[in-house]
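In what follows, residues are counted from 1 in the order of the sequence shown. These figures come from a predicted structure and were not determined experimentally.
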Amino acid sequence: MQCPVVLFKLPYLPTSRLSLHSSFLSLIIRPTKLSKARRPRENRSSIGRDRAMPCSAIGGAGGGGGEANGSLPNFKLNESTFLASLMPKKEIGADRFIEAHPNYDGRGALIAIFDSGVDPAASGLQVTSDGKPKILDVLDCTGSGDVDTSKVVKADENGSIRGASGASLVVDSSWKNPSGEWHVGYKLVYELFTDTLTSRLKKERRKKWDEQNQEEIAKALKDLHEFDQKHSKVDDANSKRAREELQNRVDYLQKQADTYDDKGPVIDAVVWHNGEVWRVALDTQTLEDNPDCGKLADFVPLTNYRIERKYGVFSKLDACTFVVNVYDEGNIVSIVTDSSPHGTHVAGIATAFHPKEPLLNGVAPGAQLISCKIGDSRLGSMETGTGLTRALIAAVEHKCDLINMSYGEPTLLPDYGRFVDLVNEAVNKHRLIFVSSAGNSGPALSTVGAPGGTTSSIIGVGAYVSPAMAAGAHCVVEAPGEGLEYTWSSRGPTADGDLGVCISAPGAAVAPVPTWTLQQRMLMNGTSMASPSACGGIALLISALKAEGIPVSPYSVRKALENTSVPIGSLPEDKLSTGVGLMQVDKAHEYLRQTRGVPCVWYQIKINQSSKPTPTSRGIYLREGSALQQSTEWTVLVEPKFHEGASNLEELVPFEECIELHSSEKAVVKAPDYLLLTHNGRSFNIVVDPTNLSEGLHYYELHGVDCNAPWRGPLFRIPVTITKPMAVINRPPFSKMSFLPGHIERRFIEVPLGATWVEATMQTSGFDTARRFFIDSLQLCPLQRPRKWESVVTFSSPGSKSFSFPVVGGQTMELAIAQFWSSGIGSHETTIVDFEIVFHGININKDEVVLDGSEAPIRIEAEALLASEELAPAAILNKIRIPYRPVESKLFTLPTDRDKLPSEKRILALTLTYKFKLEDGAEVKPHVPLLNNRVYDTKFESQFYMISDANKRVYAMGDTYPSSAKLPKGEYNLRLYLRHDNVQYLEKLKQLVLFIERKLEEKDVIRLSFFSEPDGSLMGNGSYRSSILVPGKKEAIYLGPPSKDKIPKFSPQGSVLLGAISYGKLSYVEKGEGKNPLKNPVSYQISYIVPPNKLDEDKGKGSSASTKGISERLDEEVRDAKIKVLASLKQDTDEEFSEWKKLSSSLKSEYPKYTPLLAKILEGLVSQSIIEDKVLHEKEVIDAANEVVDSVDKDELAKFFALRSDPDDEEAEKIKKKMETTRDQLAEALYQKGLALAEIESLQGDKPPKAEEGAEKTKDLFEDNFKELKNWVEVKSSKFGTLLVRRERRCKRLGTALKALNDIIQDDGEPPKKKFYELKISLLDEIGWKHLVTHEKQWMHVRFPANLPLF
């Protein structure tokens, strides 16, 4: 989503601190990577501007707006105007409208808030002004709060059930449950909380945990000290072991403090049907300090929010509100929390009602709302396709009048995509009015984002700041003389020439926030705030229309807003920043009254350059110099669009309008005078003549006006934007530019062919207090998101700063320099800026270099077209992408109504499973070329992936913007979840190729070499370093492939090594720098296709002939086949076990001393699942182990391993392999015998015998067996370490046992083994460290979840 500002990730400002200067919220929240920063469009800065270039005055509100749009000379605040400025309504005429029409305050209007979720307990969001419930439904459309409750249990005679977490839960006997079936599930509570709330809770919980841990450390140190006091010398082995035990306990506790990582408490969810509705109860004991609090039986059961409109709070500590919704017949319960304060703030601006503080009311306090959470908590509040689609389904189902969505991102295609299609249906068929933020990516032009600024059926809103808002909400020392657009508010036009911003509204407010923030309200600013301000204003209009019996149509409401808004600024170009102006509710209401009998029509505009059928646009945007050399002719098609269901005879046939066409500048835009328009539309031609225009920005409009009712204003507008670039070669720098707060200078520059980067210097002078500037560079290229470079710089005193950024030669570049709207306010000093740019460039004949895996180098031609440049190539390969096909695919219909489109179509889901293995830990990222990096400009609905290990532990998840995750060594499953209602699309994706992209460690990064000779890479001569390129002369170099020994060993055939290549470096870098292409001003992608591995030279060589006879070899083959059959037999039933036992006895009598057979019988006994008498079973294991041990000639084995074998002797290697197998079978037998002996002791309650009893030694079978095992293997290894731990435990050396167990866990390269952690918990419990037991039990749900999470 586009250019969000994550104010909610900053410390929350209590109301008492809102007097801070607004610049506190400026630079630190401006995003830099738009494609990966998809979050709500709240403030990225509190600085603003409004001026199109050329201009010489600060932006202001013009056009006769007067007080209506906030222009108040000598503005002063009193208490009431200060409070009113915190929730601005005067600017859009909302206060005047409600004063004139008290009952038209939003009553009867229902708004869907598509956002991060709304807290139903937040201040001002309980009831409407007429006493109705404010929030009618609260939904998590993302699925991030879904809990799998498909497991069904029954209560025992005591009324207890076993929760999904394993906890024993007591149900309230008064809860009605006719079926007696209880659905259970669990959730790690931190998965429901925001990062900010989680951080706060972790600090609180860590503090209490530290107190408990310190108490145990003190006890352990005391025990150690007392031991040392009693034993001045520690000589004998027993004393040494005793002291080691005490020291190990101290060390373990101290290490836990260093490695503490809180994954959070687990809450159990219980769902049942009481005969009328589904009910939900939560057990939150793990969140509470008091063990008597949070019990399941004490929970007041909830049902779906829309039924009873009740919510819960997890605990007093978190103060986090939640609601529940049950889906799929009790198999899914959605626990709904917000993913940031943003959504509640937005809802408060639109609809908050404070009966005791009316000045802080939202714009439409009488309106109701539903909360549709589209910000996924799993992704840090980013929106997903699933969330967007379900939200639209809910809005239509609830028959909402309005949608507000303060989310978005840049797009490569405007007015395009799956979500846009669904929005068009909602607006055109179901008459929803969709309002959305335009984005926070200004001040450059063409920065509006999708969907708000690029979609025809959505009202895109820009952010405006009035003098009252500046003085009150932002607390500036001196308010600006007039209102203006915020500097960061995104600007139009869209890439296809549409205006982009429709209207403007106040872009800041102090509004309610969730209770978990521990405050009632806070300041946020951004187009995220402007959109709900406009939405609230429209809710007032809907309230009036419904009360007065006037049909509500998004077409007529939009027309009323556009034709009654007050212009901001005095130049035509200002519309690209502000839209048609600042909306005015009261004037729009009058307009709607006057046009109540006019057909509800949207005039769709389609424009093609004459003789060119494609592309089709919605406006005319002449940006490149080549398009401005002559006049161009354009064909315009105007098509009146009625709402779906309009009557053919009563509405479509009678529709006929005589349209008078008005050009704002006939010398440039020439059009016919009149047009007769019918339902089937009408096309006409216009001519645009830019040849006589001066350099800079020019904006014109062609209006269509009803000849019979000119008072209606423009029925349609055709925007014409022309940017005439200047050539900067051999021209002086942009000098002596004067800046005051909010002022913007734009320069449109013809980037010369051959330029690839710019080096710029900005010099400032003439001011005292600090100054902040936005510097934006933007170019538009076909089917790409805007190529934007941006920087925010602060000058604490006059000085200079240097920049560099890439450019595309031959494309017009806009350079926008803006002084923040509040920077320097009160100083009254003009800032003088000199800005010098120098184009550099090295042109090459390959934009992307692909090495095909052969030994041949790649020839690269380079030339400098502008000036002499140093050709200093550098290339690295630092990533690898390995392709995978799915090993499994499942296509199914989603069962719940939240996945049924308004058209009654069911959405389908396709789950693809991929498997990959890492031989060592690595940072990886999934990459799906077909689907990644597009949310709105894609025809696919949604995608989501999860990476999990064999234990079902999820290590990473993501959606259209995958992120890197550090994974340990092991095997992984990646599940990719795709949704659409078209089964054919999903069928085509069943074999979708996915790449696992892995970052190479610094030591593995491959630095490629360049050569001046074609054979240089093979011969090792002709190495190329650098040279000076002279304009007009080409030079060629060779890029050699990587040497085969440097290719990572984990690179299979067909994988691709990726990296970057650069050819030039900055003119001012030090000598020796510039060797990393990623740090040079321009770099390009380079790839190397990994070829097939070289053949193993030894493979296929004949082995020495066997000396055994045919009969002997045949007997061995038969014997091994019989053993193989034995190993394949199952033992799941008594009958199967009986068959296995029978065969094993038969084979044992046939091959009595054959170790592999005896080892396989032991293996079968150990894996036996049906055990009636455990002691007897363990004795059978001991007997079987003894048979294996007795079958081995240990003396011969010991002699063999005492000698060193010759690795080149083939026969010796065979013998070595056989001996190693025998040793492993012996060790395994001793290991299993030891475990069985320990288990018998445990079952019979036997105490291990002491080392000495009087003078007579007692035989200890376990200890003797353990000593024998130590002779053959390292007992501290993960394979045999369990026995070591059991040994220490039986000797009551629990601290030593814990140390050994921890070492085993850390050294174990495989996925974590559950048995090790269960053993750890039992040891901790036996010692009495309850706080560590609790901590480890919580971690068990992370390491070993019962099921994979739902998508």
Side-chain angles (χ1 to χ4, degrees), residues 3 5 7 10 20-32 42-53 55 57-60 439-444 447 462-467 469-471 473-491 506-508 523-527 529-530 568-569 577-578 737-746 762 764-777 790-799 801 803 815-833 835:
C3 194
V5 225
L7 182 61
L10 300 177
L20 288 173
H21 192 283
S22 59
S23 61
F24 172 80
L25 303 175
S26 335
L27 286 183
I28 53 178
I29 49 181
R30 179 166 182 170
T32 55
E42 76 212 47
N43 163 328
R44 114 174 145 171
S45 160
S46 56
I47 311 295
R49 81 58 155 139
D50 176 68
R51 257 308 143 224
M53 195 221 115
C55 66
I58 54 172
N440 302 326
S441 297
T447 49
Y464 167 85
V465 57
S466 68
M469 293 166 61
H474 291 293
C475 298
V476 297
V477 296
E478 181 180 313
E482 293 182 313
L484 69 163
E485 208 78 357
Y486 280 98
T487 310
W488 36 256
S489 188
S490 289
R491 270 69 176 176
L523 170 66
M524 294 186 195
N525 51 189
T527 53
M529 285 64 248
I568 306 168
S577 298
T578 68
M737 293 185 290
S738 298
F739 286 86
L740 288 172
H743 179 65
I744 297 174
E745 288 284 347
R746 301 185 190 277
M762 182 176 180
T764 59
S765 59
F767 61 92
D768 47 11
T769 58
R771 296 291 190 270
R772 284 179 176 171
F773 287 87
F774 273 171
I775 306 161
D776 284 0
S777 161
E790 60 185 9
S791 181
V792 181
V793 294
T794 300
F795 292 90
S796 55
S797 60
K801 293 185 183 292
F803 319 94
L815 179 68
I817 307 169
Q819 183 172 324
F820 280 22
W821 71 271
S822 64
S823 178
I825 279 186
S827 169
H828 301 290
E829 288 190 343
T830 301
T831 308
I832 305 300
V833 173
F835 203 95

> Counting N and O atoms only, with roles assigned by atom type, does the side chain of S490 sit under 3.5 Å from a partner on the main chain of N440, one being a donor and the other an acceptor?
Replying inline: yes

>> I need the minimum non-hydrogen distance between H474 and A508, along with the two atoms involved.
In response: NE2-CB, 3.7 Å

> Testing I775, V793, T764 for side-chain contact (heavy atoms from CB on, under 4.5 Å) with K801, which one passes?
Replying inline: V793

>> Minimum heavy-atom separation for P798 and F767, please, with both atom names.
In response: N-CZ, 3.4 Å

>> To the closest 0.5 Å, what do you measure between OG (S823) and CZ (F795)?
In response: 11.0 Å

> Cut-off 3.5 Å, side chains only: do R491 and T447 have a donor facing an acceptor?
Replying inline: no

>> If you compare all heavy atoms of R771 against all heavy atoms of Q819, which two are closest, and at what distance to 0.1 Å?
In response: CD-NE2, 3.4 Å

> Sub-3.5 Å donor-acceptor pair from the side chain of E485 to the main-chain atoms of A463, do we have one?
Replying inline: yes

> Do M762 and I817 come within less than 4.5 Å of each other through their side chains, counting heavy atoms only?
Replying inline: yes

>> Before you tell me yes or no, could you show the steps for S738 and T831 under side chain to side chain contact (heavy atoms under 4.5 Å, CB included), namely the whole-Å CA-CA distance, both residues' side-chain angles and the distance that decides it to 0.1 Å?
In response: CA-CA 6 Å; S738 298; T831 308; over 6 Å; no

> Taking atom OG of S822 and atom CZ of R772, what is their separation to the nearest 0.5 Å?
Replying inline: 8.0 Å

>> Quick check: closest heavy atoms across D776 and S441, and the distance to 0.1 Å?
In response: OD2-O, 3.8 Å

>> I'd like to check M469 versus P506 (side-chain heavy atoms, cut-off strictly below 4.5 Å). Are they in contact?
In response: yes

>> If we ignore hydrogens and angles and just use 3.5 Å, is the side chain of E829 paired with the main-chain N or O of D768 as donor and acceptor?
In response: yes

> How far does OG of S777 sit from CD of E790, to the nearest 0.5 angstrom?
Replying inline: 10.5 Å

> What's the spacing between I568 CD1 and L484 CG if we round to 0.5 Å?
Replying inline: 8.5 Å

> If you take all heavy atoms of T794 and A770, which pair is closest and at what distance?
Replying inline: CG2-CB, 4.4 Å

>> Restricting to non-hydrogen atoms, name the atom on G462 and the atom on S489 that form the minimum distance, rounded to 0.1 Å.
In response: CA-OG, 3.6 Å

